[in-house]
**Student:** 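My structure is below; once you've seen it, I'll send some questions.
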Amino acid sequence: MVVPSLTAGSAQVPVTVNRPEMVVGKVDHMHLETRKKDVLEGVVQSREAIRRGPLVRAGQWNQVWAQALEPEAAPARLREPVLIIVSPRSYGSTTLALHLLAETTDDRVPLVKLDADWNTPKAGRLPLELRHAYQLDLKDAEHDRISPDFLDNLAHHSKKLGDLGSTLVLAVDKNLWNERYAPARTGIHVVHLTEPPPAREVVEAHLRARHVPGLVPYLHSGGAAKDSLDGRDAVEAVRATDTIVLAWQEHVRLTSTELPMDEVSWSKVDAGLSARITAALSDWRDKLDLLFGETTSTHRGKDASLPLEDRCLLLALAVRQSASMPQVAVAARSLQNIITTNDADKGGFTSTPEAVFAGRGLRRRVVDAGARVDTQDNVVFDQPGYGGAVLTYVWDNYEIMRDPLLKWLVGGREGAGDGERVVDALSVLTLRHGSTPRFGQLGPLARTGKKEVLSAVMTRAVRDEHAGRQAWGTLYGWASGAEYASTVISICRGVLSAADATSSQARMAMVRLRRVANHTRDEAALAEVLDAFEELAKQPDGMERLVFEVRSWQQPGKSGKAGPLAFLALMPVAGDSGPWLLTDDARSKVDVEAALRALLGSVATAPDAITRITDWVRAASADPAAYARLRDRLLPALRGQRMFKASMALMKALADVTLEEGATADEDFWDRLVDPRVRTVFPLTRASV
């Protein structure tokens with residue numbers, strides 16, 4: 001049902017009422033609000049999936065849960081329409097927030113996880129709908145810092161939420177919360193989560209949720225595995241679950257032993273698997289503290305500190321895991337060369353043949369670093385957890401090594417290695433502890449020879465819960481430069497084609513594709529954007545995004561290349577009886593005639609537009625009625641002085657399109673477009689057309 005807006009002094013704007021029964025007869029509640037286009041979007045969550053998900057309410061979590069709820073209320077409900085959960089990162093506040101909403105709101109209420117796509121928190125951008133439950137994370141140090149004004153406006157927003165029967169739970173990073181700005185405000189309740197849930201209980205819950213309860217006894221079989229979990233936060237505990245499952249799968253693969261996963265059937269644990277899980281969970285800090293102690297000139301046993309060349313060898317093993325000895329040696333020497341070249345007092349690689357030959361051989365060095373060498377001289381470093389620990393240990397403890405490590409990892413054939421392992425290593429390091437400023441250093445290193453690596457790392461980054469916002473910000477800056485255009489397009493295409501991409505991620509990808517199209521002068525980059533749009537046109541949601549681009553382009557005073565490219569991408573889309581753009585549905589959304597005129601009148605887009613129009617005509621040529629309808633829709637766009645050159649080019653392209661009665665399409669268009677008084681000046685001959 002649509003009723004006119006009652007705003008005085010303004011034109012009548014339709015207001016959609018989704019529930020007419022609210023305004024028929026008795027009006028119990030009326031909420032009129034002018035919504036902004038930039039209101040935060042989100043994804044509706046499955047309430048059942050949240051409830052089935054692991055949740056450990058132990059210790060302080062039980063207290064916070066109780067503090068968030070109205071005492072003795074039945075059914076349970078939040079104390080206020082807005083709840084703020086303040087906690088350190090990675091303590092599980094988002095999980096707690098979603099479970100609170102899933103358990104305390106009606107099953108018919110949509111539960112929406114919002115994306116904070118803003119430069120600074122603004123209550124005016126928060127959605128406001130009847131009977132909705134919203135959850136929002138504020139964890140980005142650059143864009144989510146809370147101000148007193150935001151809290152004041154949030155208090156007013158809370159009253160509106162309460163009137164509509166809606167709720168909002170914010171999960172706020174402790175570092176973004178200032179107690180001086182947070183006195184009690186009506187409608188807002190604040191709780192502080194100061195402890196993560198017990199890590200071992202989190203791991204157990206996740207193992208059962210993944211239907212491998214048979215792995216739970218391994219957390220109790222030895223003190224080492226249990227001790228390695230102590231002190232881990234919620235995110236680290238979930239990662240430990242992944243590590244345990246991978247260790248079990250690797251054990252099954254290597255031993256060909258199928259172990260029962262039914263916890264009840266266990267009489268004893270497998271010693272080999274227990275040792276593997278214990279090793280996988282270890283952070284090896286004590287061992288690495290010894291290996292990376294003060295550098296010695298000679299190696300004095302397995303527990304002595306490693307000299308520089310052996311540290312480089314260990315890092316090469318950590319990335320490559322398994323490779324031939326020459327490959328590992330080249331990778332290690334490449335890293336050492338980068339390190340020594342960066343030293344202002346040295347001119348490059350300093351190991352002389354005399355010094356190398358007087359030391360240990362490569363096989364011995366490989367063994368001392370923790371690997372083994374098979375009979376084919378292949379190095380086997382079957383310790384993926386240890387390898388990851390080595391990389392992160394060096395990254396955390398030697399800040400001066402971060403630039404050389406990044407340079408080495410993207411250094412080509414003589415660098416750390418190729419393929420997925422390099423992407424894994426780069427992703428772990430650049431995303432570690434939210435160190436996203438490393439994107440700016442990674443980009444210049446990888447934008448030329450390692451574009452595919454850069455695309456893969458940044459694709460993971462934009463989907464990362466903690467670093468995604470900053471990664472998108474980096475891509476926005478890159479989108480205006482020619483050197484990164486191809487990389488940005490590749491990443492955005494991947495996001496738009498992913499089935500699990502959120503609406504916010506898709507919107508941000510479109511914004512960056514638009515920015516590339518509007519800023520680049522590179523024809524190849526424009527062709528890549530058009531390819532991306534054509535892929536998008538094959539998806540129903542993608543068509544709507546392209547229509548939005550065309551509508552934005554057709555607004556008064558607007559220009560740019562993204563809109564024309566979006567229209568070109570929509571041209572091949574088929575409707576029920578011809579091109580979709582010529583259907584009534586399309587005509588209600590975009591001005592097709594104006595778009596065709598603009599495309600045909602531009603030297604840059606006319607060739608592509610003519611090719612697509614020719615395809616339209618060719619497809620309809622066998623059906624006289626369909627052809628006549630298509631022709632009559634095209635003729636208005638082709639008339640006019642500015643269209644003469646484009647019309648002549650189109651008729652040339654239609655010369656080989658034969659109609660049912662034997663005439664050609666170019667002759668038919670000629671008869672209808674060219675004034676009889678000038679036909680002798682511009683005769684229709686194959687030479688002139």
**Student:** A cation-pi test, strictly: NZ or CZ of R515 under 6.0 Å from the centre of the six-membered ring of Y476 and no more than 45 degrees from its axis. Yes or no?
**Tutor:**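 Positive - R515 is close enough to the ring of Y476 and near enough to its axis.
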**Student:** Heavy-atom distance under 4.5 Å between the side chains of N518 and V516, does that happen here?
**Tutor:** no
**Student:** Carefully, step by step, assess I188 and I84 under the rule side-chain contact (heavy atoms from CB on, under 4.5 Å).
**Tutor:** CA-CA 7 Å; I188 301 176; I84 297 178; 3.7 Å; yes
**Student:** Could you walk me through whether D632 and R672 pass the salt bridge (charged side-chain N to carboxylate O under 4.0 Å, His left out) test, one step at a time?
**Tutor:** CA-CA 10 Å; D632 293 343; R672 299 173 189 277; 5.2 Å; no
**Student:** Rounded to the nearest 0.5 Å, how far does CG of L98 lie from CD of Q45?
**Tutor:**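 Spacing of CD (Q45) from CG (L98) equals 6.0 Å.
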**Student:** Would you say K159 has more than 12 foreign heavy atoms packed within less than 6.0 Å of its NZ?
**Tutor:** no
**Student:** Let me check something: any side-chain donor-acceptor pairs from residues 592-603 under 3.5 Å, sequence neighbours excluded? List them with distances.
**Tutor:**
| residue | atom | partner | partner atom | Å |
| --- | --- | --- | --- | --- |
| R597 | NH1 | R639 | O | 3.0 |
| R597 | NH2 | P636 | O | 2.6 |
| R597 | NH2 | R639 | O | 3.0 |
| S602 | OG | A604 | N | 3.2 |

**Student:** Any chance you could lay out the salt bridge (charged side-chain N to carboxylate O under 4.0 Å, His left out) test for K113 and D137, step after step, and finish with the verdict?
**Tutor:** CA-CA 9 Å; K113 180 169 175 53; D137 289 338; 3.1 Å; yes
**Student:** Using every non-hydrogen atom in the two residues, find where K589 and R551 come nearest and quote the distance to one decimal.
**Tutor:** O-NH1, 2.8 Å
**Student:** Should K652 and D666 count as an ion pair when the cut-off is N to O under 4.0 Å?
**Tutor:**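 D666 and K652: not salt-bridged.
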**Student:** Is the shortest heavy-atom distance from the side chain of L445 to the side chain of L454 under 4.5 Å?
**Tutor:** no
**Student:** Under the rule for side-chain contact (heavy atoms from CB on, under 4.5 Å), what residues qualify as partners of D615, not counting sequence neighbours?
**Tutor:** T611
**Student:** Can you tell if the side chain of W177 reaches within under 4.5 Å of the side chain of L138, non-hydrogen atoms only?
**Tutor:** no
**Student:** So, do L164 and R131 sit near enough that their side-chain heavy atoms are less than 4.5 Å apart?
**Tutor:** no
**Student:** Report the C-alpha separation of L634 and R631 in whole Å, then their side-chain angles, then the decisive distance to 0.1 Å, and conclude whether the side-chain contact (heavy atoms from CB on, under 4.5 Å) test is met.
**Tutor:** CA-CA 5 Å; L634 291 173; R631 178 200 62 205; 5.8 Å; no
**Student:** If you round to the nearest 0.5 Å, how far is CD1 of I85 from CG of L170?
**Tutor:**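 It is 9.0 Å, given to the nearest 0.5 Å.
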**Student:** Can you check whether V547 reaches L570 side chain to side chain, under 4.5 Å on heavy atoms?
**Tutor:**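 In short, these two side chains touch, coming nearer than 4.5 Å.
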**Student:** Take a 6.0 Å sphere around CZ of R633 and say whether it holds more than 12 heavy atoms from other residues, nucleotides or ligands.
**Tutor:**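 Yes, enclosed.
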**Student:** May I have the list of side-chain donor-acceptor pairs in residues 523-542 shorter than 3.5 Å, sequence neighbours left out?
**Tutor:**
| residue | atom | partner | partner atom | Å |
| --- | --- | --- | --- | --- |
| E528 | OE1 | S486 | OG | 3.3 |
| E534 | OE2 | R612 | NH2 | 2.5 |
| E535 | OE2 | R493 | NH2 | 2.3 |

**Student:** Taking S647 for its side chain and L638 for its backbone only, find out whether a donor-acceptor pair lies under 3.5 Å.
**Tutor:** yes
**Student:** Compare every heavy atom of P81 with every heavy atom of G187, then report the nearest pair and how far apart it is.
**Tutor:** O-CD, 3.8 Å
**Student:** I'd like to know if the side chain of S480 and the backbone of G477 have a donor-acceptor N/O pair within less than 3.5 Å.
**Tutor:** yes
**Student:** Just do the side-chain contact (heavy atoms from CB on, under 4.5 Å) check on L40 and D115 with the steps written out, would you?
**Tutor:** CA-CA 6 Å; L40 296 186; D115 292 305; over 6 Å; no
**Student:** Does M508 offer a backbone N or O that forms a donor-acceptor pair with the side chain of R512 under 3.5 Å?
**Tutor:**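 Side chain of R512 to backbone of M508, a donor-acceptor pair under 3.5 Å: yes, one is there.
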**Student:** Looking only at non-hydrogen atoms, find the nearest pair between V550 and G563 and report the distance.
**Tutor:** CG2-O, 3.8 Å
**Student:** Work out which heavy atom in R587 is nearest to a heavy atom in L582; give both atom names and the distance.
**Tutor:** CD-O, 4.4 Å
**Student:** Just distance, no hydrogens or angles: give the donor-acceptor pairs under 3.5 Å from side chains in residues 571-578, sequence neighbours left out.
**Tutor:**
none

**Student:** So that I can tick it off, tell me whether R618 and D656 are bridged by a salt bridge, with the cut-off set at under 4.0 angstrom between side-chain N and carboxylate O.
**Tutor:**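 A salt bridge links D656 with R618.
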**Student:** How far apart are the closest heavy atoms of L130 and S166, and which atoms are they?
**Tutor:**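 Looking at all heavy atoms of both residues, the closest pair is C-OG, 3.8 Å.
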**Student:** Step by step, would you call M458 with F439 a side-chain contact (heavy atoms from CB on, under 4.5 Å)?
**Tutor:** CA-CA 8 Å; M458 293 302 294; F439 297 147; 3.7 Å; yes
**Student:** State, yes or no, whether a side-chain contact exists between W118 and L126 at a heavy-atom distance under 4.5 Å.
**Tutor:**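 Yes, at least one pair of side-chain atoms sits under 4.5 Å.
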**Student:** Quick one: pull up CH2 in W472 and CZ in R507 and give me the separation to the nearest 0.5 Å.
**Tutor:**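 Going from the CH2 atom of W472 to the CZ atom of R507 covers 10.5 Å.
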**Student:** Could you list the residues that satisfy salt bridge (charged side-chain N to carboxylate O under 4.0 Å, His left out) with K561, not counting sequence neighbours?
**Tutor:**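 Counting only residues at least two positions away or on another chain, K561 forms no salt bridge (charged side-chain N to carboxylate O under 4.0 Å, His left out).
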**Student:** Are any non-hydrogen side-chain atoms of L673 and L635 less than 4.5 angstrom apart?
**Tutor:**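 A side-chain contact exists here, since the closest heavy-atom pair is under 4.5 Å.
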**Student:** Do T664 and L654 touch side chain to side chain, with heavy atoms closer than 4.5 Å?
**Tutor:**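 No. Closest side-chain heavy atoms not under 4.5 Å.
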**Student:** For H132, enumerate each residue passing the ring pair (Phe, Tyr, Trp, His ring centres under 6.0 Å) test, keeping only those at least two apart in sequence or located in another chain.
**Tutor:** Y134
**Student:** Describe, in one word, how the ring planes of Y627 and F669 are oriented to each other, choosing from parallel (under 30°), tilted (30 to 60°) and perpendicular (over 60°).
**Tutor:**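 Aromatic pair Y627/F669 classed perpendicular.
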**Student:** Any chance you could measure L128, atom CG, to H157, atom NE2, to the nearest 0.5 Å?
**Tutor:** 5.0 Å
**Student:** Testing N175, D173, T94 one by one against K139 for a side-chain hydrogen bond (donor to acceptor under 3.5 Å, both in side chains), which residue passes?
**Tutor:**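 Per the side-chain hydrogen bond (donor to acceptor under 3.5 Å, both in side chains) rule, the option paired with K139 is T94, out of N175, D173, T94.
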**Student:** Strictly distance-based, threshold 3.5 Å: is any side-chain N or O of S93 a donor or acceptor partner for the main-chain N or O of R89?
**Tutor:**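 Not confirmed, S93 side chain does not pair with R89 backbone.
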**Student:** Could you measure the distance from the CG atom of L151 to the OG atom of S158? Nearest 0.5 Å is fine.
**Tutor:**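 Interatomic distance, L151 CG to S158 OG, rounded to 0.5 Å: 11.5 Å.
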**Student:** Which heavy-atom pair separates L111 from R47 by the least distance, and what is that distance?
**Tutor:** CB-NH2, 4.1 Å
**Student:** Test your reading of the model: is there a side-chain donor-acceptor pair from T105 to the backbone of A102, 3.5 Å cut-off?
**Tutor:** no
**Student:** Return the CG to OG1 distance between D464 and T459, rounded to the nearest 0.5 Å.
**Tutor:** 12.5 Å
